[in-house]
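Since the structure comes first, as structure tokens, the remarks are kept for the end.
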2 protein chains.
Amino acid sequence: MKAVLFLALHTNDNQKWMVKDIYSRINVPQSYLAKILQELSKRDVISSSRGPKGGFYLSEANFDLPLIKIVDVIDGKQRLRSCMLSIKECDSDNPCALHDLVGNTNSEFIKRLEQTTILDLISDVKEGKSVLPL
Amino acid sequence: MKAVLFLALHTNDNQKWMVKDIYSRINVPQSYLAKILQELSKRDVISSSRGPKGGFYLSEANFDLPLIKIVDVIDGKQRLRSCMLSIKECDSDNPCALHDLVGNTNSEFIKRLEQTTILDLISDVKEGKSVLPL
DNA sequence: TCCTAAATCTGATTAATATCATATTTTAGG
DNA sequence: CCTAAAATATGATATTAATCAGATTTAGGA
Ligand code: FES
Ligand code: FES
């Protein structure tokens with residue numbers, strides 16, 4: 001998340017970002033960040049180009065991706081969608097004891113991740129509605 | 001959570017529960033469950049007595065504990081309360097880019113964990129509002 | 001064309017968490 | 001007071017996730 005938001009905040013037409021120039025600014029170990037960015041790139045969440053002048057960046061299309069995409073790629077679809085008590089699939093028609101407390105909040109949360117794009121978050125930052133000291 | 005809810009559902013005045021009679025019913029490895037129940041007991045979330053006829057159970061007081069107590073004991077207070085971007089402490093006056101999306105949902109969630117007791121959940125189950133096939 | 005700078009790929013290492021094993025303490029009941 | 005049944009304590013192992021290291025591929029520029 002931090003890495004993607006960093007790219008979103010600092011990508012522009014003539015600048016791409018190398019792992020070694022990002023990692024310390026977002027406080028994530030270099031090798032770990034590399035592996036994560038490569039995965040995000042392979043799964044088309046972010047963009048990259050190799051060779052000199054290369055690096056990671058966000059394309060127009062990337063900006064419009066919903067945040068849920070990042071979560072799904074990194075943590076897998078199960079992570080947010082399974083029953084909190086792991087006694088079954090999360091099912092609001094047949095809610096477990098924690099569902100109304102957690103599951104509903106969770107579904108609401110997922111919905112928001114689906115509706116909010118990277119661009120939305122960055123807009124908020126640029127309008128001063130939120131901060132992102134990266 | 002499952003273990004505590006199991007105890008809540010099945011504790012009565014003349015019955016305590018041993019690890020070996022619980023673990024398979026909630027699908028948690030025996031030794032792992034033992035360590036967790038011991039920790040919960042030491043931290044006064046659940047009750048126990050040793051020796052023959054002993055086992056784990058919930059006291060009246062235990063029933064009235066808010067769910068947040070379980071989370072705090074098992075996962076630590078930080079787990080739910082730190083900024084999602086881990087760039088600072090979570091602070092709604094100076095929200096990070098994800099705070100409104102996640103942090104607010106999260107605070108709401110914490111509040112509910114603080115307000116809901118084990119007894120509340122069990123009441124729901126007994127009234128048929130939710131299920132708990134344990 | 002060749003050199004170099006970048007991501008990519010692959011596997012190894014380390015750290016954290018979950019799980020196991022066993023010895024110790026406590027307590028009910030004979 | 002003995003014995004057996006239970007939790008408790010402690011340390012070891014196994015599994016998973018995070019981090020590291022190095023060889024390989026790609027692309028820009030001289
Ligand atoms: S049914 Fe358990 S969280 Fe939804
Ligand atoms: S400030 Fe980041 S989640 Fe609240």
Side-chain angles (χ1 to χ4, degrees), chain A residues 1-4 6-7 10-11 13-59 62 70-80 82 85-86, chain B residues 1-4 6-7 10-11 13-59 62 70-80 82 85-86:
Chain A
M1 276 287 180
K2 283 201 287 185
V4 171
F6 179 93
L7 290 177
H10 296 106
T11 290
D13 288 341
N14 48 24
Q15 187 169 27
K16 303 188 175 86
W17 288 90
M18 291 182 292
V19 167
K20 68 175 177 193
D21 294 324
I22 305 177
Y23 81 97
S24 61
R25 297 182 58 175
I26 63 176
N27 207 39
V28 173
Q30 182 165 11
S31 308
Y32 187 42
L33 177 61
K35 196 166 249 187
I36 283 189
L37 288 182
Q38 282 161 24
E39 182 69 15
L40 289 172
S41 175
K42 189 178 4 176
R43 301 281 302 271
D44 296 317
V45 178
I46 67 178
S47 306
S48 66
S49 72
R50 300 193 193 189
K53 299 282 172 186
F56 295 97
Y57 63 100
L58 297 196
S59 65
N62 294 151
I70 303 172
V71 178
D72 286 347
V73 163
I74 299 299
D75 294 312
K77 297 221 171 206
Q78 296 301 300
R79 188 63 160 268
L80 284 182
S82 42
L85 289 179
S86 57
Chain B
M1 277 286 179
K2 283 200 286 183
V4 172
F6 179 92
L7 290 176
H10 296 105
T11 290
D13 289 341
N14 48 24
Q15 186 169 28
K16 302 188 176 85
W17 287 90
M18 292 183 290
V19 168
K20 67 176 176 189
D21 294 324
I22 305 176
Y23 82 96
S24 61
R25 297 183 56 175
I26 64 177
N27 208 37
V28 173
Q30 181 164 10
S31 307
Y32 187 43
L33 177 61
K35 196 166 249 184
I36 282 190
L37 288 182
Q38 282 161 24
E39 181 70 15
L40 288 172
S41 175
K42 188 177 9 175
R43 302 280 303 272
D44 295 316
V45 179
I46 66 178
S47 306
S48 66
S49 71
R50 299 194 195 190
K53 300 280 171 189
F56 295 97
Y57 63 100
L58 297 196
S59 67
N62 294 151
I70 303 172
V71 179
D72 287 347
V73 163
I74 300 297
D75 294 313
K77 297 221 173 208
Q78 297 301 300
R79 187 64 159 268
L80 284 181
S82 40
L85 289 179
S86 58

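The chains referred to below are lettered A, B, ... by the order of the sequence lines, with proteins before strands, and numbering in each begins at 1.
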Separation of [N] [atom2] from [X] [atom1] (nearest whole Å):
X: A:Lys16; N: C:dA5; atom1: NZ; atom2: C1'; value: 13 Å
X: B:Leu33; N: C:dA21; atom1: CG; atom2: P; value: 16 Å
X: B:Glu39; N: D:dT10; atom1: CD; atom2: C1'; value: 13 Å
X: A:Lys42; N: C:dT10; atom1: NZ; atom2: C1'; value: 11 Å
X: B:Tyr57; N: D:dA6; atom1: OH; atom2: C1'; value: 13 Å
X: A:Asp75; N: D:dA17; atom1: CG; atom2: P; value: 10 Å
X: A:Tyr32; N: C:dC9; atom1: OH; atom2: P; value: 18 Å
X: B:Trp17; N: D:dA5; atom1: CH2; atom2: C1'; value: 17 Å

Donor-acceptor contact present, side-chain A:Asp75 to main-chain A:Leu80, <3.5 Å: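 No: the side chain of A:Asp75 does not pair with the backbone of A:Leu80.
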So how far is it from [X] [atom1] to [Y] [atom2], rounded to the nearest 0.5 Å?
X: B:Lys53; Y: B:Met18; atom1: NZ; atom2: CE; result: 9.5 Å
X: A:Ser47; Y: A:Lys16; atom1: OG; atom2: NZ; result: 9.5 Å
X: A:Phe6; Y: B:Leu85; atom1: CZ; atom2: CG; result: 13.5 Å
X: A:Ile46; Y: A:Ile70; atom1: CD1; atom2: CD1; result: 9.0 Å
X: B:His10; Y: B:Asp21; atom1: NE2; atom2: CG; result: 12.0 Å
X: B:Lys35; Y: B:Gln30; atom1: NZ; atom2: CD; result: 14.0 Å

Atom pairs under 3.5 Å: protein N/O with N/O of nucleotides 24-26 of chain D:
from, atom 1, to, atom 2, distance (Å)
D:dT25, O2, A:Arg50, NH1, 2.8
D:dT26, O4', A:Arg50, NH1, 3.2

How bent is the helix from C:dT1-D:dA30 to C:dG30-D:dC1, comparing axes over its five end pairs at each side, to the nearest 10°?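 End axes: 10° apart.
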For DNA chain C, the residues among residues 20-31 of chain A that have a non-hydrogen atom under 4.0 Å from it: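 Within residues 20-31 of chain A, the residues near DNA chain C are A:Lys20.
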I'd like to check [X] versus [Y] (side-chain heavy atoms, cut-off strictly below 4.5 Å). Are they in contact?
X: B:Leu37; Y: B:Ile22; value: yes
X: A:Val71; Y: A:Met1; value: yes
X: B:Ile26; Y: B:Leu33; value: yes
X: A:Val19; Y: A:Phe56; value: yes

B:Ser49 or A:Gly54, whichever maps to the more 5' nucleotide of DNA chain C: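 Checking each residue's closest nucleotide, the 5'-ward one belongs to A:Gly54.
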Checking only heavy atoms, does the side chain of A:Lys35 share a donor-acceptor pair with the base of D:dT19 at less than 3.5 Å?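 In this structure, the two groups form a donor-acceptor pair.
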Any chance CG of B:Asn27 has more than 12 other-residue heavy atoms, nucleotides or ligands included, within less than 6.0 Å?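 No.
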Could you please name the option among C:dG29, D:dA7, C:dC9 that lies closest to any side-chain atom of A:Gln38?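 Within the option list, the nearest is C:dC9.
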Phosphate-side-chain proximity, A:Ser48 and C:dT8, N/O vs OP1/OP2 below 4.0 Å: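 For C:dT8, OP1 or OP2 has a side-chain N or O of A:Ser48 closer than 4.0 Å.
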